[in-house]
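Not measured: the values here are computed from a predicted model. So that the names make sense, note that chain A is the first sequence line, chain B the second, and so on, each numbered from 1.
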There are 2 protein chains.
Amino acid sequence: MPALAAKKLSFKQQQLKLRENAILDAVNRLLAKKGFDLMTMDEVAADVGIAKASLYKHFESKEIVAAASMTRLMDEALTVVNGLSSHLPPLNKIKAVVRWAIVTHLAGAMPLLPSTRSTIQQALLGYAPYMERLSTLTEQIGTWIEQAQRAGTLSASLPGEVVLYTIFARSCDPVADFLKMGGAFSDADIVDLLIHITFEGMTGRS
Amino acid sequence: MPALAAKKLSFKQQQLKLRENAILDAVNRLLAKKGFDLMTMDEVAADVGIAKASLYKHFESKEIVAAASMTRLMDEALTVVNGLSSHLPPLNKIKAVVRWAIVTHLAGAMPLLPSTRSTIQQALLGYAPYMERLSTLTEQIGTWIEQAQRAGTLSASLPGEVVLYTIFARSCDPVADFLKMGGAFSDADIVDLLIHITFEGMTGRS
DNA sequence: GTCTATAAAATGATAGAC
DNA sequence: GTCTATCATTTTATAGAC
């Protein structure tokens, strides 16, 4: 009965996948809350509700489980990117992605990608699945940047590199945290404000 | 001989001050390079060239030595602020301060102030000398923001809070690190680019 | 695969001689 | 105040029973 056997295996694999997703959920949340260096494997295990040794049966190190979590986040970003209407002007596509990132950040589910100071950066560079997705994402956004610059909706005098890095950096801008802590604005307000200062700046318009 | 005694004491105090400044130099550099959580007291001691136990004779904990370093940085910021020509338009004063911060950042001497995730934030809140200076700095910049908004050079529709937090956040923008790592731009170029995207944004001008 | 128990290493902080 | 030596704790990772 190959069909039944395959079904049983698939079920086991599904369970495995579910458990691993639960682990990545916890890791993602902790990465967003404390960052890689302050997140401990004890916390992760406690959060998932399993023993730490069990954690290591699924992921062989702290670096790898973090990289796996970041890879899943990249997949979500790519899903957002691919789900955008192709009729949208390029600048609006870029804004939509940044908007998604800030919303995710405010929801406490955005690990701090761009921190030159975190130990995880080096590990990510050596983790192929992550780098693959980052490359795809970068390429897609890079194309939109060029299109928007040709269309004149994005400043043509800015090097594309600068725009790209800025988009990534604003996706986990600490300003969002400060404003949220202040309590004077709703999440929706904060998103709009950050999108505005990111693309329009802060100077007055005559 | 009170004069001589006073002189000797002053000399000893000068030596003490010099040594403590050397410690704060090392701490400042390490805070900028790795952040509070990844900086170790062993590193600090090694960097200064003294034993770790000696370090603890000068500063009673890692939190306090870091807070002292941050306080000294705040004093430098206040010196910059007070050194600005009073005839400068308010927006230019604000830009000058941000410019100083980015230059300091690129020189590897800007600890990452705004990180909601670092353990040090809580310690800073309880360290009066730092909070005092932060308060003075915030008040001065806040006044300039209001003036610039009334003058129409800064968008009047933006809450002052948002402008203030943005100024602090851009002072240690990771975009600067990324661009520096890329190697395609000089430090001066990076400063100009960051000032531009911070105040003018990234959209095209028709 | 899950658990308990523990190894191995890093690190903040201190004891005590000089 | 400076040093060497050490403590106490945290934390990554693993051993080994079930």
**Q** With sequence neighbours left out, write down each residue that passes salt bridge (Lys or Arg N to Asp or Glu O under 4.0 Å) with B:K52, or none if nothing qualifies.
**A**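 For B:K52, the residues satisfying salt bridge (Lys or Arg N to Asp or Glu O under 4.0 Å) (neighbours in sequence not counted) are B:D42.
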**Q** Can you sort out the partners of A:T203 under side chain to side chain contact (heavy atoms under 4.5 Å, CB included), two or more places apart, ordered by chain and number?
**A**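 Only A:R205, B:L91, B:F199, B:E200 meet the side chain to side chain contact (heavy atoms under 4.5 Å, CB included) criterion with A:T203.
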**Q** Return the set of residues passing salt bridge (Lys or Arg N to Asp or Glu O under 4.0 Å) with A:E60 (not counting sequence neighbours), or none when no residue passes.
**A**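 Salt bridge (Lys or Arg N to Asp or Glu O under 4.0 Å) list for A:E60, sorted by chain: empty.
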**Q** If the condition is ring pair (Phe, Tyr, Trp, His ring centres under 6.0 Å), which residues does B:F36 pass it with, not counting sequence neighbours?
**A**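 Ring pair (Phe, Tyr, Trp, His ring centres under 6.0 Å) check on B:F36 returns nothing, list empty.
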**Q** So if I take residues 15-23 of chain A and measure heavy-atom distances to DNA chain C, which residues fall below 4.0 Å?
**A**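 Going residue by residue through residues 15-23 of chain A, the ones with a heavy atom under 4.0 Å of DNA chain C turn out to be A:L16, A:R19.
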**Q** Taking only residues two or more places apart in sequence, or in another chain, which ones meet A:E146 in a salt bridge (Lys or Arg N to Asp or Glu O under 4.0 Å)?
**A**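 With sequence neighbours excluded, A:E146 shows a salt bridge (Lys or Arg N to Asp or Glu O under 4.0 Å) to no residue whatsoever.
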**Q** Who passes salt bridge (Lys or Arg N to Asp or Glu O under 4.0 Å) against B:D37, sequence neighbours left out?
**A**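 B:D37 satisfies salt bridge (Lys or Arg N to Asp or Glu O under 4.0 Å) with no residue once adjacent residues are dropped.
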**Q** Which nucleotide of DNA chain C is the first, and which the last, in the 5' to 3' direction, to come under 4.0 Å of a heavy atom belonging to chain A?
**A**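 Endpoints of the contacted stretch of DNA chain C: C:dG1 to C:dT4.
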**Q** Tell me, please, which residues at least two apart from A:S54 pass side chain to side chain donor-acceptor pair (under 3.5 Å).
**A**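 None.
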**Q** Can you tell me which residue pairs pass the salt bridge (charged side-chain N to carboxylate O under 4.0 Å, His left out) test with a partner in residues 121-141 of chain A, sequence neighbours excluded?
**A**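 Of all non-adjacent pairs touching residues 121-141 of chain A, those that pass salt bridge (charged side-chain N to carboxylate O under 4.0 Å, His left out) are A:D75-A:R133.
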**Q** Please work out which residues in residues 35-54 of chain A have a non-hydrogen atom less than 4.0 Å from an atom of DNA chain D and list them by number.
**A**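 Going residue by residue through residues 35-54 of chain A, the ones with a heavy atom under 4.0 Å of DNA chain D turn out to be A:M39, A:T40, A:M41, A:D42, A:K52, A:A53.
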**Q** Charged N to carboxylate O below 4.0 Å: is that the case for A:D25 and A:R72?
**A**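 Yes, charged N to carboxylate O under 4.0 Å.
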**Q** Would you classify B:K62 as touching base, sugar-phosphate or nothing, given that sugar-phosphate means primed atoms plus P, OP1 and OP2, and contacts are heavy atoms under 4.0 Å?
**A**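 Sugar-phosphate contact only - B:K62 comes under 4.0 Å of backbone atoms but never of a base.
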**Q** Listed by chain and number, what are the side chain to side chain contact (heavy atoms under 4.5 Å, CB included) partners of B:A109, not counting sequence neighbours?
**A**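 B:A109: side chain to side chain contact (heavy atoms under 4.5 Å, CB included) contacts with B:N28, B:T104.
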